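Quick notes on the structure that follows.
Keep in mind that this is a model prediction, so the values were computed, not measured.
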Amino acid sequence: HHHHHHHRSSSTTTYANALLRALVFSLLNCARALDAAGGHRSLEALGMVRDAGGLCETIGSCFENMDGGGGGGGMAPARDSPDLLSGAAYVEAVIYHTRGQLEHAEASYGQCIQGALSSSSSSSDADAELAAAALYGLGRSLFERRRLSASVAPLRASWSLRSSHLGEGHVDSIESL
């Protein structure tokens with residue numbers, strides 16, 4: 001009967017999930033735009049990222065509970081959330097980076113990398129690109145703090161992730177060099 005219950009609610013669930021995800025994306029895009037506008041807007045941007053992060057957790061818990069099934073089944077819909085949470089962590093890191101709060105930035109980059117690489121779809125190009133971007137940011141931040149030896153590993157990891165997923169000639173791979 002589990003299957004039947006799931007079938008009944010799945011289209012609504014999918015719709016609600018997609019809607020919330022779209023909301024998270026627009027919050028994150030807004031935050032990036034505000035951050036690019038610079039100065040005093042960056043605190044507002046951080047607030048938006050926090051909201052987006054909260055929404056991700058809501059998405060995770062709601063859809064986990066709705067599916068309710070025992071075993072791995074109950075986890076399936078929540079699989080969508082790690083990539084969003086990683087995305088939120090990345091935007092947060094970028095904002096801290098712009099604000100010159102490098103240690104905060106590095107912590108958020110780290111969260112993003114962990115999330116993107118541990119997500120169930122770790123082989124997906126989107127996750128790899130996100131992790132590579134975060135590794136690149138982390139390396140740059142460490143470099144800016146003159147922690148040169150520490151910056152080498154993340155920059156190198158960023159390059160190898162990008163070249164394995166995007167091909168060596170890709171613009172992004174060259175940037176990471």
Side-chain angles (χ1 to χ4, degrees), residues 2 5-138 141 158 161 165 172:
H2 170 70
H5 155 80
H6 181 71
H7 180 74
R8 183 168 49 75
S9 65
S10 68
S11 60
T12 322
T13 309
T14 310
Y15 177 66
N17 200 337
L19 204 61
L20 282 172
R21 287 174 64 84
L23 186 55
V24 170
F25 276 115
S26 47
L27 273 170
L28 293 178
N29 283 325
C30 245
R32 294 221 50 175
L34 279 174
D35 177 49
H40 59 289
R41 306 304 304 262
S42 64
L43 274 176
E44 219 175 312
L46 276 177
M48 283 186 171
V49 176
R50 302 260 151 73
D51 291 345
L55 266 175
C56 289
E57 279 158 36
T58 307
I59 294 174
S61 54
C62 287
F63 295 115
E64 239 170 277
N65 298 344
M66 278 191 70
D67 204 38
M75 285 303 293
R79 250 184 234 153
D80 286 343
S81 305
D83 58 357
L84 282 180
L85 269 175
S86 306
Y90 180 72
V91 175
E92 186 175 56
V94 168
I95 295 166
Y96 279 133
H97 203 147
T98 315
R99 288 170 62 82
Q101 295 173 274
L102 298 182
E103 283 165 46
H104 279 305
E106 287 161 22
S108 297
Y109 280 132
Q111 256 181 312
C112 170
I113 294 158
Q114 233 182 337
L117 293 180
S118 71
S119 101
S120 51
S121 54
S122 56
S123 59
S124 93
D125 284 346
D127 280 331
E129 256 175 275
L130 184 59
L135 281 160
Y136 181 68
L138 176 61
S141 178
S158 164
L161 249 183
H165 274 269
D172 271 356

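- The CG atom of Leu130 sits 3.5 Å away from the SG atom of Cys112 when rounded to the nearest 0.5 Å.
- In plain terms, the two heavy atoms of Leu161 and Ala132 that are nearest each other are CD1-N, 3.8 Å.
- Here the OH-CD1 distance, from Tyr90 to Ile95, works out to 11.0 Å after rounding to the nearest 0.5 Å.
- Closest non-hydrogen pair, Ala131 versus Leu117, comes out as CB-CD2, 3.6 Å.
- Put simply, CG on Leu46 and OG on Ser108 are 8.5 Å apart, with the number rounded to the nearest 0.5 Å.
- Atom NE2 in His97 sits 11.0 Å away from atom CG in Asp35 (nearest 0.5 Å).
- In this structure, the side chain of Asn29 engages the main chain of Phe25 through a donor-acceptor pair within 3.5 Å.
- In this structure, Ala31 and Val91 approach most closely via the heavy-atom pair CB-CG1, 3.9 Å.
- Smallest separation of non-hydrogen atoms from Cys56 and Val24: SG-CG1, 4.1 Å.
- For the residue pair Ala88 and Val49, the shortest heavy atom distance occurs at O-CG1, 3.3 Å.
- Once rounded to the nearest 0.5 Å, the distance linking CG of Leu55 with CG of Leu23 reads 5.0 Å.
- A parallel orientation is assigned to the rings of His104 and Tyr96, their planes being inclined by less than 30° (bins at 30° and 60°).
- Counting only distance, with no hydrogens or angles, the side chain of Thr98 and the backbone of Val94 share a donor-acceptor pair below 3.5 Å.
- Shown here for Leu28 and Gly87, the closest heavy-atom pair between the two residues is CD1-C, 4.0 Å.
- Counting only distance, with no hydrogens or angles, the side chain of Ser158 and the backbone of Leu135 share no donor-acceptor pair below 3.5 Å.
- Considering CE of Met48 and CZ of Arg32, their distance stands at 14.5 Å, rounded to 0.5 Å.
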